[in-house]
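Here's the structure, in structure tokens; my notes come after.
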Amino acid sequence: MAIFTTDLKGELEQIKKAANDVVNNSVNPMINDAIKQASGEINKVVEKASSQIQENIKLLSEEIHNQRKLTKDELRKLATLFKGQRQSLAIEA
């Protein structure tokens with residue numbers, strides 16, 4: 001037989017309400033702000049990476065173009081030399 005009977009339901013409800021208030025008023029806004037900040041940082045990194053990739057693509061395209069032009073010019077020189085050699089061989093024969 002208990003000498004004291006205590007009903008803590010009311011106190012537990014107050015604790016639960018206080019905990020919910022802390023979460024809703026403090027923790028949730030902190031988490032939301034952290035998520036917004038992280039999203040902003042990620043966007044900056046992605047934009048920088050994208051810009052860098054675009055610049056690299058541009059440089060590679062220019063290099064490929066220059067190499068093609070150089071190859072084309074070299075082939076023309078070789079063709080001219082070959083044509084000249086063929087003509088001189090034909091004259092000698």
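These numbers come from a predicted model, not from an experiment.
Of the residues Arg68, Glu74, Arg76, the one that meets the side-chain contact (heavy atoms from CB on, under 4.5 Å) test with Lys72 is Arg76.
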Would you tabulate the side-chain donor-acceptor contacts of residues 33-40 under 3.5 Å, counting partners in other chains and residues two or more places apart, or write 'none'?
{"unit_1": "Ser39", "atom_1": "OG", "unit_2": "Ile35", "atom_2": "O", "d": "3.0"}

Name the atoms and distances for all side-chain donor-acceptor pairs under 3.5 Å in residues 44-65, with sequence neighbours left out.
{"unit_1": "Ser61", "atom_1": "OG", "unit_2": "Ile57", "atom_2": "O", "d": "3.1"}
{"unit_1": "Glu63", "atom_1": "OE2", "unit_2": "Gln67", "atom_2": "NE2", "d": "3.0"}

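Partners of Lys69 under the salt bridge (charged side-chain N to carboxylate O under 4.0 Å, His left out) rule, at least two apart in sequence or in another chain, are Asp73.
Distance check, rounded to the nearest 0.5 Å: NZ of Lys16 to CG of Asn20 gives 7.0 Å.
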